[in-house]
Structures are given as structure tokens and as C-alpha cells.
Amino acid sequence: VGTWKLNMDKSQVTGLREEIKNLGGDKYEFKFGDDTQTITANGTQQPNKFGGTWSVKQEGADKWTVTSQHDGKVTSTDTWTLSDGGNQMTMDTSGTRTDGSSYTENMTAKRVAGGPGFVGTWEIASAQFASTNWEIKPWGSNGLSFVTPAYDEHLDIKFDGKEYADHGPRVSPGSMSSAKRSDPNTI
């Protein structure tokens with residue numbers, strides 16, 4: 001219980017992989033972990049799974065612009081740039097949180113398979129994410145409430161292994177979480 005802030009120095013982001021597949025006709029599949037989304041990279045806003053829209057615009061062979069919107073307002077703009085002969089990708093992001101505050105983030109990935117261009121498997125080599133506070137409060141007799149004020153998101157959950165709904169304007173519809181307590185310091 002308390003207010004927490006992400007410590008990127010202790011985060012295990014490096015090594016995660018993203019796969020981009022060309023499905024033909026400017027249509028691409030993006031897979032990050034178990035999250036898969038498909039988009040036509042023609043610069044038009046298309047629905048995403050988080051209740052908003054996103055677009056991918058091919059600015060050239062080595063530069064894409066990815067724009068996300070929610071309720072018709074731009075929430076983030078990413079510039080993806082290839083370098084090192086197409087073996088490194090840099091993703092620079094600027095955005096606005098639900099509370100109106102702005103943020104910037106940066107990720108660099110190295111190609112581990114595939115090509116040419118953005119198509120292939122990428123492994124995150126470095127990441128600098130914007131940190132935001134996360135509040136944890138007691139909820140009921142056997143649970144906690146996880147609140148991210150900057151994004152107006154919260155999850156009230158008990159440690160009974162049952163699924164509980166995640167709430168917030170940018171949370172994926174139908175998003176659920178479950179939890180069990182292993183010991184007093186581990187959930």
C-alpha cells in the first residue's frame with residue numbers, strides 16, 4: 001500500500017521481442033508478446049483494441065509515423081526510424097496522458113530476423129519510458145485497488161484467483177486481471 005513510481009533502472013524491458021509481418025497490399029501484422037494487431041499502413045486512422053484508433057504512415061523506406069487517437073484526439077505520435085543498414089530501429093514517442101500531462105519515451109531495437117525494412121523480428125535493446133505514479137490502496141477485506149491517476153485507470157482485485165475488470169478510458173474493452181498472494185510480499 002502506498003504511492004509507487006516505476007524505476008526504469010530495475011525494469012526488465014530489454015530482450016522483449018516485436019514481430020512485424022508484411023501481409024501484402026500495405027497491410028501489416030504487429031505482434032508484441034501475446035498482443036497482435038493488424039493495420040493497413042496508408043496513414044488512415046483504423047480501430048485498435050483499446051477503444052481508440054491508430055494509423056501507420058510510411059514516410060519512406062526507413063521512416064514510419066504511428067499516430068494513436070482516442071475520442072478523436074491525438075494521444076501519441078511515434079516516429080520509427082531505421083539505421084545501421086536496417087539492423088536497428090529507434091522509436092521516439094511523444095504523447096498526452098488522460099490527465100493532460102505530456103510525456104516522451106524512446107526505445108531502440110535490434111533486428112534478430114527478417115527484413116527488409118521494418119518487416120522482421122526486433123529485440124528491444126534499450127528503453128526510456130516516462131514514469132508515472134501508481135497508487136495501491138486497500139480494497140475490501142482481501143484485496144487491493146491499483147490506481148494510475150495520470151491515465152484515469154484502476155483495478156480493484158481480490159487475491160482469490162477470480163477475474164476482475166480493469167477500468168479506464170484507454171483500457172482494452174474486456175480487459176480482466178486475476179491475482180493470488182504467494183506470501184506477504186508477493187502477489
Side-chain angles (χ1 to χ4, degrees), residues 1-20 29-39 45-56 66-78 80 91-107 109 122-124 126-187:
V1 172
T3 300
W4 300 84
K5 191 169 190 167
L6 177 66
N7 181 345
M8 283 307 298
D9 293 334
K10 305 260 182 196
S11 179
Q12 298 297 318
V13 176
T14 58
L16 296 176
R17 292 186 174 196
E18 177 177 25
E19 185 177 355
I20 303 171
E29 177 184 86
F30 295 83
K31 183 174 184 182
F32 191 77
D34 63 355
D35 180 35
T36 302
Q37 295 191 64
T38 301
I39 190 167
Q45 288 293 316
Q46 299 163 54
N48 67 24
K49 66 183 247 174
F50 301 103
T53 61
W54 66 315
S55 69
V56 174
V66 180
T67 305
S68 297
Q69 293 187 12
H70 197 84
D71 292 330
K73 296 178 183 174
V74 173
T75 56
S76 67
T77 302
D78 301 16
W80 296 7
M91 296 158 275
D92 293 310
T93 303
S94 61
T96 306
R97 297 179 182 98
T98 307
D99 69 357
S101 63
S102 61
Y103 68 93
T104 59
E105 297 178 336
N106 172 276
M107 270 197 316
W122 298 90
E123 184 174 279
I124 297 175
S126 67
Q128 295 175 330
F129 290 112
S131 190
T132 185
N133 288 345
W134 194 27
E135 298 173 2
I136 304 175
K137 304 173 184 179
W139 184 65
S141 61
N142 181 28
L144 293 174
S145 181
F146 297 87
V147 180
T148 311
Y151 292 102
D152 194 23
E153 294 176 4
H154 76 276
L155 168 66
D156 299 325
I157 193 166
K158 292 186 178 182
F159 308 112
D160 55 10
K162 295 180 182 176
E163 291 188 340
Y164 293 84
D166 296 309
H167 300 279
R170 297 184 190 167
V171 171
S172 178
S175 179
M176 305 288 281
S177 297
S178 63
K180 288 190 177 183
R181 187 180 291 276
S182 304
D183 63 54
N185 296 314
T186 308
I187 299 171

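Just so you know, these numbers use all the heavy atoms, side chains as well, and skip hydrogens, waters and symmetry mates.
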>> Checking the side chain of Thr75 only, and the main-chain atoms of Ser68 only, is there a donor and an acceptor separated by less than 3.5 Å?
In response: yes

>> Under 3.5 Å, is there a donor on one side chain and an acceptor on the other for Thr3 and Asn133?
In response: no

> Do we see a donor-acceptor contact under 3.5 Å between the side chains of Glu163 and Ser178?
Replying inline: no

> Between Phe32 and Arg17, what is the shortest heavy-atom contact and its length?
Replying inline: CD1-O, 3.5 Å

> For the residue pair Pro149 and Asp99, what are the closest heavy atoms and their distance?
Replying inline: O-CB, 4.4 Å

>> How close do Thr67 and Gln45 get, counting heavy atoms only, and between which atoms?
In response: O-NE2, 3.5 Å

> How far does CH2 of Trp122 sit from CE of Met91, to the nearest 0.5 angstrom?
Replying inline: 8.5 Å

>> What verdict does the side chain to side chain contact (heavy atoms under 4.5 Å, CB included) test give for Thr53 and Gln46, after you've listed the backbone C-alpha separation in whole Å, the side-chain angles of each residue and the deciding distance to 0.1 Å?
In response: CA-CA 5 Å; Thr53 61; Gln46 299 163 54; 5.9 Å; no

>> Looking at every heavy atom in both Lys49 and Pro173, which two are closest together, and how far apart are they?
In response: O-CD, 2.9 Å

> Please, which pairs that meet salt bridge (charged side-chain N to carboxylate O under 4.0 Å, His left out) have at least one residue in residues 133-162, sequence neighbours excluded?
Replying inline: Glu135-Lys137

> Ser145 side chain to Trp139 main-chain N or O, any donor-acceptor pair under 3.5 Å?
Replying inline: no

> When rounded to the nearest 0.5 angstrom, what distance separates CD in Glu29 from CD in Glu19?
Replying inline: 7.0 Å

> Roughly how far apart are Leu144 CG and Arg181 CZ, rounded to 0.5 Å?
Replying inline: 6.0 Å

>> Can you give me the closest heavy-atom contact between Thr93 and Ser76, atom names plus distance?
In response: CG2-CB, 4.2 Å

>> side chain to side chain contact (heavy atoms under 4.5 Å, CB included), that's the test. Do Phe30 and Val66 meet it? Break it down for me.
In response: CA-CA 12 Å; Phe30 295 83; Val66 180; over 6 Å; no

> Hey, what do you get for CD1 (Ile187) to CD1 (Ile157), rounding to the nearest 0.5 Å?
Replying inline: 8.5 Å

>> Quick check for you: to the nearest 0.5 Å, what is the distance between Glu105 atom CD and Phe129 atom CZ?
In response: 6.0 Å

> Phe146: what forms a ring-ring contact (aromatic ring centres under 6.0 Å, His included) with it, not counting sequence neighbours?
Replying inline: Trp134

> Which distance, rounded to the nearest 0.5 Å, do you find between the CD1 of Ile39 and the CH2 of Trp54?
Replying inline: 4.5 Å

>> One pair to check against side chain to side chain contact (heavy atoms under 4.5 Å, CB included): Val171 and Leu155. What are the steps and the verdict?
In response: CA-CA 11 Å; Val171 171; Leu155 168 66; over 6 Å; no

> Of the non-hydrogen atoms in Tyr103 and Thr96, which two are nearest, and what is the gap between them?
Replying inline: CE2-N, 3.6 Å

> Which residues pass the ring-ring contact (aromatic ring centres under 6.0 Å, His included) test with His154, sequence neighbours left out?
Replying inline: His167

